[in-house]
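Because the structure is a prediction, the values reported are computed rather than measured. Worth knowing before you read on, the calculation uses all heavy atoms, side chains too, and leaves out hydrogens, waters and symmetry mates.
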Amino acid sequence: MDDGRWRNPGDDVMRELMPWFEDPLDFLTGIDWMRRENAGLLRLTADPRSAYLFRQARGSTAVGPVKLPWLDVEQAVLIAVNRRPGDDVAMALDYRTGSDDPRVVASDFWTDPRQCSWRIVVPAFSRLLDVLNLG
């Protein structure tokens, strides 16, 4: 982030990477911005109706393992969020696969507009950096 390489590669590139994803994203390019967005994710998950709609859960309080299409907010870090207010979409690092090179997931409201699903974008963050020429 400090050297400016973490940036949005453009809407066309993102559309090619995630064909199901219809809304533009802004990459979180600062630590404070990341903290604010991730704090909001935790607050949203505290509301049961919102948590169900967005398929978000806290693994520490779940009855069983939190698996896709759900997002375990305690093991996720948002890295890109909706550009347009109200779109409520995001891309996140998903540390359920490991801390060395977490998979990347994104929300999907388009396949089933009644409820969000979290889908795999790439199986590892390093792959995202390669695909987007950010490494």
Side-chain angles (χ1 to χ4, degrees):
M1 249 188 261
D2 289 340
D3 63 8
R5 287 187 292 168
W6 180 248
R7 68 196 181 306
N8 189 324
D11 294 342
D12 291 338
V13 173
M14 294 305 294
R15 215 172 286 109
E16 189 173 316
L17 176 65
M18 302 183 301
W20 79 89
F21 206 96
E22 296 180 12
D23 295 328
L25 288 171
D26 279 339
F27 278 44
L28 302 177
T29 56
I31 296 298
D32 290 337
W33 191 7
M34 280 186 158
R35 283 187 182 127
R36 277 192 311 274
E37 293 293 342
N38 283 282
L41 181 70
L42 294 172
R43 280 192 305 276
L44 187 66
T45 306
D47 173 55
R49 292 176 68 192
S50 295
Y52 180 75
L53 173 67
F54 291 102
R55 285 194 180 168
Q56 297 169 182
R58 291 178 177 264
S60 64
T61 60
V63 175
V66 178
K67 297 180 181 177
L68 291 176
W70 287 75
L71 182 70
D72 184 340
V73 298
E74 294 173 334
Q75 295 193 54
V77 174
L78 297 178
I79 58 173
V81 297
N82 50 284
R83 181 175 305 149
R84 296 185 299 238
D87 281 353
D88 296 328
V89 294
M91 184 166 57
L93 299 179
D94 183 356
Y95 287 92
R96 289 176 287 187
T97 57
S99 60
D100 291 340
D101 201 5
R103 72 180 161 199
V104 180
V105 297
S107 54
D108 176 2
F109 267 107
W110 302 277
T111 302
D112 179 359
R114 294 169 295 157
Q115 189 173 39
C116 178
S117 291
W118 290 87
R119 295 176 56 172
I120 297 171
V121 176
V122 289
F125 181 60
S126 59
R127 180 74 182 124
L128 180 73
L129 295 177
D130 289 343
V131 168
L132 301 181
N133 293 316
L134 299 176

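With M91 as the fixed residue, the side-chain contact (heavy atoms from CB on, under 4.5 Å) test singles out one of L78, L28, V104: V104.
The shortest non-hydrogen separation linking V105 to I120 is CG1-CA, 4.2 Å. Summarising the geometry of W110 relative to P113, their closest heavy-atom pair is O-CD, 4.0 Å, with the distance given to 0.1 Å. Of all non-hydrogen atoms in V89 and L25, the two that sit nearest each other are CG2-CD2, 4.1 Å. When all heavy atoms are compared, the tightest approach of W20 to A106 is CZ2-CB, 3.9 Å. Of all non-hydrogen atoms in D72 and G59, the two that sit nearest each other are OD1-N, 3.0 Å. Across every non-hydrogen atom of N38 and A76, the tightest pair is OD1-O, 4.0 Å.
One hydrophobic cluster holds both W118 and F21 under the rule that ILVMFWY side chains link at heavy-atom gaps under 4.5 Å. In the hydrophobic clustering of ILVMFWY residues, with side-chain heavy atoms under 4.5 Å counting as a link, V66 and L68 come out apart.
Side-chain N or O atoms of R15 include none that pairs as donor or acceptor with a backbone N or O of V13 at under 3.5 Å.
One distance of note links CD1 of I79 with OG1 of T29; it measures 12.5 Å at 0.5 Å rounding. R83 CZ to N8 CG: the interatomic distance, rounded to the nearest 0.5 Å, is 5.5 Å.
For L129, the side chain to side chain contact (heavy atoms under 4.5 Å, CB included) criterion is met by W6, F125, L134, not counting sequence neighbours.
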N82 vs D26, side-chain contact (heavy atoms from CB on, under 4.5 Å): CA-CA, chis, key distance, verdict: CA-CA 6 Å; N82 50 284; D26 279 339; over 6 Å; no
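Within 6.0 Å of CD in E16 there are 12 or fewer heavy atoms belonging to other residues, nucleotides or ligands.
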Donor-acceptor contacts under 3.5 Å from residues 39-50 side chains, at least two apart:
residue : atom : partner : partner atom : Å
T45     : OG1  : L41     : O            : 2.8
T45     : OG1  : Q56     : NE2          : 2.9
D47     : OD2  : S50     : N            : 2.9
D47     : OD2  : S50     : OG           : 2.6

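Residues in residues 57-66 take part in these side-chain hydrogen bond (donor to acceptor under 3.5 Å, both in side chains) pairs, two or more places apart or across chains: S60-E74. For residues 87-96, the pairs satisfying side-chain hydrogen bond (donor to acceptor under 3.5 Å, both in side chains) are R84-D87, D94-R96, D94-R103, with sequence neighbours left out. Residues in residues 44-72 take part in these ring-ring contact (aromatic ring centres under 6.0 Å, His included) pairs, two or more places apart or across chains: F54-F109. A side-chain hydrogen bond (donor to acceptor under 3.5 Å, both in side chains) check over residues 125-135, counting only residues at least two apart or in different chains, returns the pairs D101-S126.
Here the side chains of P9 and M14 are in contact, with some heavy-atom distance below 4.5 Å.
Side-chain contact check for R55 and S117: at least one donor-acceptor pair (N or O, by modelled atom type) lies under 3.5 Å.
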